[in-house]
4 protein chains.
Amino acid sequence: MILHIDKTLSKETVEQLAAKNQAFCIEEQEHFTVITGSAVKDVPADFEGHTLNSWVFPNDNQLASREYIKATRKVDFGSFAIGGDTKNTVLIGGPCSVESEAQIRESATFMAGLGLKMFRGGCYKPRTSPYSFQGLGLEGLKLLAKMREEFGMVVITEARDASHIDEIIEYTDVIQVGAKAMYDQGILRACAKIRKPVLIKRGFGTTLQEFVQAAEFVLSGGNPNVVLCERGIRTFETGTRFTLDLCGVAWLKKHTNLPIILDPSHAMGYAYGVADLARACTAMGIDGLLIEAHPNPKVAMSDASQQLNHAEFEALLNSLKPVAQSVGYQMI
Amino acid sequence: MILHIDKTLSKETVEQLAAKNQAFCIEEQEHFTVITGSAVKDVPADFEGHTLNSWVFPNDNQLASREYIKATRKVDFGSFAIGGDTKNTVLIGGPCSVESEAQIRESATFMAGLGLKMFRGGCYKPRTSPYSFQGLGLEGLKLLAKMREEFGMVVITEARDASHIDEIIEYTDVIQVGAKAMYDQGILRACAKIRKPVLIKRGFGTTLQEFVQAAEFVLSGGNPNVVLCERGIRTFETGTRFTLDLCGVAWLKKHTNLPIILDPSHAMGYAYGVADLARACTAMGIDGLLIEAHPNPKVAMSDASQQLNHAEFEALLNSLKPVAQSVGYQMI
Amino acid sequence: MILHIDKTLSKETVEQLAAKNQAFCIEEQEHFTVITGSAVKDVPADFEGHTLNSWVFPNDNQLASREYIKATRKVDFGSFAIGGDTKNTVLIGGPCSVESEAQIRESATFMAGLGLKMFRGGCYKPRTSPYSFQGLGLEGLKLLAKMREEFGMVVITEARDASHIDEIIEYTDVIQVGAKAMYDQGILRACAKIRKPVLIKRGFGTTLQEFVQAAEFVLSGGNPNVVLCERGIRTFETGTRFTLDLCGVAWLKKHTNLPIILDPSHAMGYAYGVADLARACTAMGIDGLLIEAHPNPKVAMSDASQQLNHAEFEALLNSLKPVAQSVGYQMI
Amino acid sequence: MILHIDKTLSKETVEQLAAKNQAFCIEEQEHFTVITGSAVKDVPADFEGHTLNSWVFPNDNQLASREYIKATRKVDFGSFAIGGDTKNTVLIGGPCSVESEAQIRESATFMAGLGLKMFRGGCYKPRTSPYSFQGLGLEGLKLLAKMREEFGMVVITEARDASHIDEIIEYTDVIQVGAKAMYDQGILRACAKIRKPVLIKRGFGTTLQEFVQAAEFVLSGGNPNVVLCERGIRTFETGTRFTLDLCGVAWLKKHTNLPIILDPSHAMGYAYGVADLARACTAMGIDGLLIEAHPNPKVAMSDASQQLNHAEFEALLNSLKPVAQSVGYQMI
């Protein structure tokens with residue numbers, strides 16, 4: 001249940017009453033927002049007389065629910081925004097991993113040249129084997145930050161686990177919570193305390209309901225800048241790496257108020273299908289696309305098979321613009 | 001392995017040699033096509049000296065493979081065609097089930113008025129419970145045939161099992177092999193003997209490889225007019241009815257030469273997501289769309305939740321046209 | 001809803017009233033059993049005054065439900081029975097396919113020598129590729145019948161599709177409805193009209209609810225001799241061929257009154273795991289086991305990797321007996 | 001590739017050479033063990049002349065592979081051991097969550113009374129919603145440690161994320177890496193540095209190969225005391241909470257040298273099926289069982305539906321003993 005509590009009560013009082021009711025409390029401009037579990041269906045006695053408005057929910061999709069906020073939330077990245085009434089579909093490009101200064105600069109130069117506003121690159125790789133390349137770590141973060149300074153693009157990178165979340169928050173503009181880390185409360189709770197945008201990827205074994213609840217961890221802590229990212233689920237079909245769940249995207253658009261970004265690269269796992277899928281995603285009317293590209297995919301240290309080369313990436317961008325327009329969006 | 005055998009040999013001889021090698025034989029204009037299992041990697045001794053050309057394959061995706069025929073096959077429906085160099089995306093509309101003459105005429109009148117060329121309606125419903133509406137059977141087939149006469153649309157309906165496949169073949173223009181009947185060799189072998197187009201739906205538990213092999217049952221019997229239809233697979237996600245597998249569509253476009261039609265209605269299971277998904281499908285650059293619509297979905301005798309009403313269907317069609325254009329196709 | 005209707009009404013009358021209410025009607029010794037869809041929650045007016053007893057259900061698991069019949073149904077195979085209070089776990093052995101008279105006699109000789117009461121062998125193989133061995137068909141059925149005459153074992157074989165169901169019913173003692181044919185109403189309705197036992201395998205993409213509803217097709221037609229067989233579902237895990245669903249077996253034991261037979265051979269897909277799995281199945285307290293064995297698995301014409309050889313089969317049987325005893329069953 | 005390097009080289013030298021080859025190095029009694037990625041198929045030049053033995057692998061299942069160590073590894077818990085030649089199946093009981101001192105003492109008293117050697121209880125609950133009970137945290141850990149002192153049972157509890165892994169390691173005897181934390185390198189790398197036994201649960205969306213690779217993170221860091229725990233995977237079937245993958249257990253027994261413990265409680269999600277499943281697991285010949293039980297399941301603060309009450313737990317234990325014996329194991 002969500003309650004809007006008037007400001008005649010002090011912050012201390014509301015926080016105390018919230019704690020007593022095992023609820024979260026967020027201070028906002030005009031009111032306090034108090035959030036209990038969805039099993040609560042009546043205004044708790046403690047808040048009677050001070051409740052400006054209240055919402056009851058069938059499940060723990062509460063702050064993210066369209067029953068609470070009808071319009072899609074606007075998330076601001078400084079130089080641009082998505083969601084709200086922007087009708088922007090932001091294209092996020094970059095390599096799977098930051099591998100070296102030369103590689104990441106070549107990539108950033110190219111992406112900035114295409115006019116891209118947001119740049120990706122992995123520093124802590126959530127590899128499933130200890131014997132694979134694990135990423136450059138802090139050194140990679142510093143290289144990414146350097147690219148931001150040089151090219152003015154917003155940078156995004158992934159937190160692998162809670163042990164380095166502070167570094168990620170310090171060096172990057174947008175925190176990506178990866179598919180394998182999506183249940184990681186150490187990460188989610190750290191992201192709840194900041195105001196930088198957080199992009200949460202759906203785990204490949206995660207239900208839509210659980211996915212939204214991961215966002216609730218961040219939202220209920222007071223950070224409203226959450227973006228959801230569908231990147232493919234694991235199914236019986238192994239001809240492709242994962243199965244991009246666009247039915248799930250339709251569900252998310254219907255039931256949640258969060259902007260949605262899609263990642264066809266990881267879903268497909270093969271470069272040959274990425275362009276077709278990216279066009280399909282764009283025609284859904286979405287807030288962004290995350291596409292992996294590498295100056296020379298054949299020598300990439302991770303995800304070699306699915307990264308586009310730069311010529312393919314540019315051709316894709318050109319083909320996406322009319323698709324976005326055909327559904328009333330602009331590709332930025 | 002596929003062999004093209006010259007016509008200096010008689011039909012009887014080639015058929016005999018094919019049988020001896022446990023192979024299929026199709027007589028074509030300029031040559032015989034002989035197809036063995038893919039384990040055969042060398043021209044069998046029996047065909048030496050008569051083999052014009054031969055193709056070896058890594059698996060039993062042979063006649064449907066782009067290694068054999070590079071371009072997408074053209075399938076002709078009389079008043080129009082798909083595949084080949086047509087760049088047509090055909091919209092197939094109609095109700096889930098034929099329920100009565102009044103209902104099916106209202107639907108056909110509407111669809112023909114929109115200019116649709118192909119009309120669907122189920123007569124033998126593959127329900128999972130004996131206690132649900134099972135379809136009008138032969139009576140439904142006759143009503144569909146009547147609609148074809150009155151409105152000039154090509155009609156398509158589904159074969160549920162082999163016990164009534166002869167009736168389906170007699171009354172309908174296009175034979176739909178349903179998702180639950182896709183392994184039914186009684187149906188597939190009957191479809192292999194005719195030349196009417198056959199639309200095979202992917203089973204919801206069927207791998208892409210098995211899906212293509214179902215088409216091989218029809219192709220190897222001599223019917224080249226096969227169309228594949230992806231309609232959603234069963235995954236752990238139950239927020240939607242099935243999961244439309246567009247990664248799989250990318251795989252099929254890469255590996256097979258058959259036209260592809262998508263069915264977002266059954267995948268989604270809820271009317272609210274159908275339009276977004278249909279636009280996504282169209283942006284993939286596909287050969288057709290199958291969308292369920294009912295004059296009054298609330299009283300539909302099957303699939304009530306996923307059928308569009310007529311106003312929604314018309315709005316959808318209008319929105320699809322620019323999406324098709326944006327990827328170089330026209331919606332017909 | 002299930003109704004027991006008294007016999008003061010004539011058979012014709014009850015059948016007429018059932019048809020009027022879109023219900024099934026079975027004549028039994030002491031009463032008529034009338035079955036409507038589960039949406040019906042009140043005794044229909046037509047049956048008022050003649051209803052001896054009635055049961056309401058939350059879904060279309062009705063005749064198979066433990067809410068209707070508490071104890072597990074007894075199914076009689078002539079020389080033995082399972083279910084009821086028998087505490088029998090019947091071991092069904094034999095090769096995947098009947099390949100030749102020599103092969104099937106070698107197998108039958110061995111199985112009869114071990115004291116097995118039921119013998120399996122496939123004649124119509126539901127292969128996913130037209131280029132694989134498809135079975136001996138009618139010739140195989142005749143060989144199986146010959147083995148029954150010679151060795152006195154009950155024989156079971158699989159119906160692939162409705163086009164040959166009459167032959168299967170004529171030649172075999174138990175009709176197996178295969179995993180790929182489980183939705184085939186042509187087969188199910190034919191099995192409903194006879195009294196021979198029917199073993200229905202769960203489709204690998206089939207929910208437990210749909211599985212039970214397939215049994216309802218047979219039960220509602222008047223054949224009470226239905227046995228369920230779990231044989232593995234298709235999941236994301238491809239290290240094994242399928243995933244044997246023993247949680248599902250626990251569900252079936254709780255919710256249905258039908259005997260349950262398990263097939264670990266198809267689930268595992270590799271001979272190495274079959275023995276461990278068969279012991280696990282037996283410890284569940286089940287009514288039977290279906291295990292594939294071949295005189296020489298290496299040259300088997302289908303499922304070569306998962307069939308045990310005869311020495312392995314005998315060792316397995318010996319190890320199963322104490323496991324069955326430890327849970328109060330006897331292996332027969 | 002695994003290399004055994006002789007001790008004529010100093011530890012520093014071997015570690016330096018290992019680092020140069022991006023390999024792990026473990027010092028053992030008689031030799032150094034150096035582990036590279038499985039792509040390496042030849043002894044690196046740096047180790048020539050000092051390699052006592054070497055093993056090549058088809059994938060990154062290396063230290064855990066039966067190709068490296070044939071017998072199942074023995075893991076010692078102080079008062080007892082599993083694996084090796086012990087033929088022990090250890091029953092681990094306790095509630096889902098530590099809820100209060102009274103509750104945990106009641107549970108520990110009961111479990112110790114039954115003779116159990118290992119006691120479980122969750123302190124950091126990996127809930128999918130921020131609005132659910134999250135566990136007592138450090139307070140719970142202290143209560144568990146108290147129970148160890150009072151009752152002499154080995155205690156096991158779960159690490160939810162890397163932010164509290166140090167506390168878990170300090171207070172508990174066995175570290176459980178939960179299904180949702182299984183890819184968490186912060187946790188895995190911390191567990192690699194200690195020698196306390198680590199029980200890794202398979203993620204519900206995790207392949208067997210990835211599961212074993214998680215163990216490789218711990219093993220390659222030098223901690224040989226790893227136990228695998230299968231607890232159900234997520235499939236399309238929702239009649240039960242998850243699907244216990246016993247085919248996967250057969251695969252693990254064949255391909256890995258690690259002891260295996262099964263958790264039927266979480267797989268089933270309903271108390272009614274736990275006993276049958278536990279008997280099935282036991283008949284597989286496994287090293288342990290993890291069963292949730294609560295003094296009063298109805299008021300449990302988490303997993304209420306799947307926990308057994310104490311009477312059910314005792315009855316289950318009694319029924320498991322003969323099953324274990326029937327396959328040559330003893331239940332401890």
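All of these numbers come straight from a predicted model, not from anything done at the bench. Proteins get letters first, then strands, A, B, ... in listed order; numbering begins at 1 in each.
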Could you please spell out the steps behind the side-chain hydrogen bond (donor to acceptor under 3.5 Å, both in side chains) verdict for C:Thr128 and B:Gln213?
CA-CA 6 Å; C:Thr128 60; B:Gln213 288 173 188; 3.1 Å; yes

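- B:Lys41 NZ: more than 12 foreign heavy atoms inside a 6.0 Å radius.
- Of the two parts of C:Gln22, neither the backbone nor the side chain holds a non-hydrogen atom closer than 4.5 Å to a non-hydrogen atom of chain B.
- Atom CD of C:Glu28 sits in a crowded spot, with more than 12 heavy atoms from other residues, nucleotides or ligands closer than 6.0 Å.
- In this structure, the portion of C:Gln62 lying under 4.5 Å from any heavy atom of chain B is its side chain and not its backbone.
- Neither the backbone nor the side chain of B:Gln209 comes within less than 4.5 Å of any heavy atom of chain C.
- Between B:Leu63 and C:Tyr131, the closest heavy-atom pair is CD1-OH, 3.8 Å.
- Only the side chain of B:Tyr183 comes within contact range of chain C, with heavy atoms under 4.5 Å apart.
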For B:Asp161 and C:Ile187, what are the C-alpha separation, side-chain angles and deciding distance, and is it a side chain to side chain contact (heavy atoms under 4.5 Å, CB included)? CA-CA 8 Å; B:Asp161 61 69; C:Ile187 292 176; over 6 Å; no

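- Most heavy-atom pairs under 4.5 Å with chain B, from the set C:Ala23, C:Pro130, C:Gly205: that is C:Pro130.
- With a 4.5 angstrom heavy-atom cutoff, C:Ala181 does not touch chain B via any of its atoms.
- For C:Phe211, no part lies near chain B; criterion is any non-hydrogen pair under 4.5 Å.
- Chosen from B:Arg189, B:Arg127, B:His164, the residue pairing most often with chain C at heavy-atom distances under 4.5 Å is B:Arg127.
- Neither the backbone nor the side chain of B:Tyr124 comes within contact range of chain C; no heavy atoms are under 4.5 Å apart.
- Both the backbone and the side chain of C:Thr207 come within contact range of chain B, each with at least one heavy atom under 4.5 Å from a heavy atom of that chain.
- When the candidates C:Lys180, C:Gln185, C:Glu210 are compared by the number of heavy-atom contacts under 4.5 Å with chain B, C:Gln185 comes out ahead.
- Residues satisfying the side chain to side chain contact (heavy atoms under 4.5 Å, CB included) test with C:Ser65, not counting sequence neighbours, are C:Phe57, C:Asn61, C:Glu67.
- The number of heavy-atom neighbours closer than 6.0 Å to NZ of B:Lys196, taken from other residues, nucleotides and ligands shown, is above 12.
- For the atom pair CG of C:Asp60 and OG of B:Ser132, the computed distance is 5.5 Å after rounding to the nearest 0.5 Å.
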